Amino acid sequence: MFRSLSLILLAFAGLAFSQDLDLAVVKQAFEDASIPTDLFINFDPSALLEVTFPEPGSQPITLHAGVQLPRNATAGPPEFGVIDDVGEGPFVVATVDPDALTPQDPSEAQIRHFLGPNFFVKCLPGDNVHTLVNRTPAISEFLQPTPPAGSDAHRYIFLLFNQPVSFNAQTLVTPTTPIELFNISAFAAATGLGDPIAGTFMLVAPDPTEA
């Protein structure tokens, strides 16, 4: 039992140092997970999106595309960064769950877990990851993944968009808009976001006590 627990802890600790480093690998991970098909998006990234979850008392966890995390590691809110020259901004970050209620019955999908505009790049000397800092409150604050008991793991997809000049005037989604039955591709088309320029995703299953 001790050996098994040690292996679990080592695997969990290793996540703290993981990150996406190859655009082709990220794009293939999205394809393998059927994300472009299920979200009706064109995913041809030009940059790498870094998503990091702070972990009280331990190392933060940086995602690599398709990693599965225990729910208690995803309380967030996550921090965002970008690798590559994408300009100064502004950018929009969106997070959606296309698997609610369950992957077999996505009757409430998509769930909007985060929607934040007005992110700008903050460059630090010698840092290859450019931190993204938002200058205004999010439209939808980050909602921790909570797949229902008995469900398979859900995909939680983070996407980065260039923000058009007119975006702040949009009223399609406001802080009071229901988060269920969101459609990121329709929203992006209606607001001029276009295709995402970067993205990553994680898998999260129900807590073992609820499964």
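This is a predicted model, so every value here is computed, not measured. When reading the values below, keep in mind they use all heavy atoms of this one structure, side chains included, and skip hydrogens, waters and symmetry mates.
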Closest non-hydrogen atoms of Pro60 and Pro54, given as atom of the first, atom of the second and distance, are CB-CA, 4.3 Å
Does the side chain of Asn72 pick up a donor-acceptor pair with the side chain of Asp207 at under 3.5 Å?
no
Contacts under 3.5 angstrom, residues 39-47 side chains, donor-acceptor by atom type, not counting sequence neighbours:
{"residue": "Asn42", "atom": "ND2", "partner": "Asp195", "partner atom": "OD2", "Å": "3.1"}
{"residue": "Asp44", "atom": "OD1", "partner": "Lys27", "partner atom": "NZ", "Å": "3.2"}

Geometric cation-pi criterion Arg135 and Phe119, 6.0 Å radius, 45° cone:
no
If we ignore angles and hydrogens, is there a donor and acceptor under 3.5 Å between the side chains of Thr136 and Asn134?
no
Rounded distance [0.5 Å steps], NE2 in His154 versus CD in Gln68:
11.0 Å
Is there a side-chain contact between Val173 and Leu115, using heavy atoms and a 4.5 Å cut-off?
yes
Separation between OG1 (Thr191) and CZ (Phe167), nearest 0.5 Å, reads 5.0 Å
Without swapping roles, check the side chain of Gln110 against the backbone of Ile184 for a donor-acceptor pair under 3.5 Å.
yes
Would you find a donor on one side and an acceptor on the other, under 3.5 Å apart, between the side chain of Asp22 and the backbone of Val25?
yes
The reported gap from CG in Asn183 to CG in Leu172 (rounded to nearest 0.5 angstrom) is 11.5 Å
Of all heavy-atom pairs between Glu31 and Pro36, which one has the smallest distance, and what is that distance?
OE2-CG, 3.9 Å
If you define the side chain from C-beta out and look only at heavy atoms, does anything of Ile139 sit under 4.5 Å from Pro175?
yes
Roughly how far, to the nearest 0.5 Å, is OG1 of Thr200 from NE2 of His64?
8.5 Å
Show your reasoning for whether side-chain contact (heavy atoms from CB on, under 4.5 Å) applies to Ile179 and Leu143.
CA-CA 10 Å; Ile179 61 173; Leu143 177 68; 3.5 Å; yes
May I ask you to test the Leu160-Pro196 pair for a side-chain heavy-atom distance under 4.5 Å?
no
Considering only heavy atoms from C-beta outward, does the side chain of Phe91 approach that of Asn118 to under 4.5 Å?
no
Ala138 meets the side chain to side chain contact (heavy atoms under 4.5 Å, CB included) criterion, sequence neighbours left out, with Phe114, Glu141
Full working for side-chain contact (heavy atoms from CB on, under 4.5 Å) between Asp38 and Ile35:
CA-CA 5 Å; Asp38 290 348; Ile35 291 172; 5.9 Å; no
Between Gln104 and Asp152, does the side-chain contact (heavy atoms from CB on, under 4.5 Å) criterion hold? Intermediate values first, please.
CA-CA 9 Å; Gln104 294 78 22; Asp152 291 340; 2.7 Å; yes
Under the salt bridge (charged side-chain N to carboxylate O under 4.0 Å, His left out) test, residues paired with Arg112 that sit two or more places apart
none
Is the backbone N or O of Pro145 less than 3.5 Å from a side-chain atom of Arg71, with the two atoms forming a donor-acceptor pair by type?
yes
Hey, is the main chain of Ile111 close enough, under 3.5 Å, to the side chain of Glu108 for a donor-acceptor pair?
no
Counting distance only, does the side-chain N/O of Ser34 pair as donor-acceptor with the main-chain N or O of Thr37 below 3.5 Å?
no
For the hydrophobic clusters of this structure (ILVMFWY residues joined by side-chain heavy atoms under 4.5 Å, transitively), does one cluster hold both Leu63 and Phe142?
yes
Check whether any side-chain heavy atom of Pro78 sits under 4.5 Å from a side-chain heavy atom of Phe80, and report yes or no.
yes
For Ala205 and Pro147 the tightest heavy-atom approach is C-CG, 3.4 Å
What residues, two or more places apart in sequence or in another chain, satisfy ring-ring contact (aromatic ring centres under 6.0 Å, His included) together with Phe201?
Phe30
Grab the two heavy atoms, one from Gly192 and one from Pro164, that are nearest each other, plus how far apart they are.
O-CG, 3.6 Å
Using side-chain heavy atoms (C-beta onward) and a distance below 4.5 Å, is Leu49 in contact with Leu132?
yes
State, to 0.1 Å, how close Ser151 and Pro206 come at their nearest heavy-atom pair, and which atoms those are.
O-CD, 3.2 Å
Residues in side chain to side chain contact (heavy atoms under 4.5 Å, CB included) with Thr171, at least two apart?
none
What about Val92 and Phe120, same hydrophobic cluster or not, with Ile/Leu/Val/Met/Phe/Trp/Tyr joined at side-chain heavy-atom distances under 4.5 Å?
no
Are Leu48 and Leu23 side-chain neighbours, meaning at least one heavy-atom pair lies under 4.5 Å?
yes
Any donor-acceptor pair under 3.5 Å from Glu50 side chain to Glu79 backbone:
no
So CD of Gln144 and CZ of Phe53: to nearest 0.5 Å the spacing works out to 8.5 Å
Using modelled atom types only, decide if a donor and an acceptor are shared between the side chain of Asp85 and the backbone of Gly87 within a distance under 3.5 Å.
yes
Is it true that a side-chain atom of Asp97 and a backbone atom of Tyr156 form a donor plus acceptor pair closer than 3.5 Å?
no
dist Ile197:CD1 -> Asn162:CG (nearest 0.5 Å) comes out at 4.0 Å
Only counting residues at least two apart or in another chain, list the ones meeting side-chain hydrogen bond (donor to acceptor under 3.5 Å, both in side chains) with His113.
none
To check you understand the geometry: which heavy-atom pair defines the closest contact between Gly194 and Phe161, and what is its length?
O-CE2, 3.4 Å
Does the side chain of Met202 come within less than 4.5 Å of Val204's, by heavy atoms?
yes
For the pair Ile61 and Leu69, evaluate side-chain contact (heavy atoms from CB on, under 4.5 Å) and give the outcome as yes or no after the intermediate values.
CA-CA 9 Å; Ile61 296 175; Leu69 296 186; 4.0 Å; yes
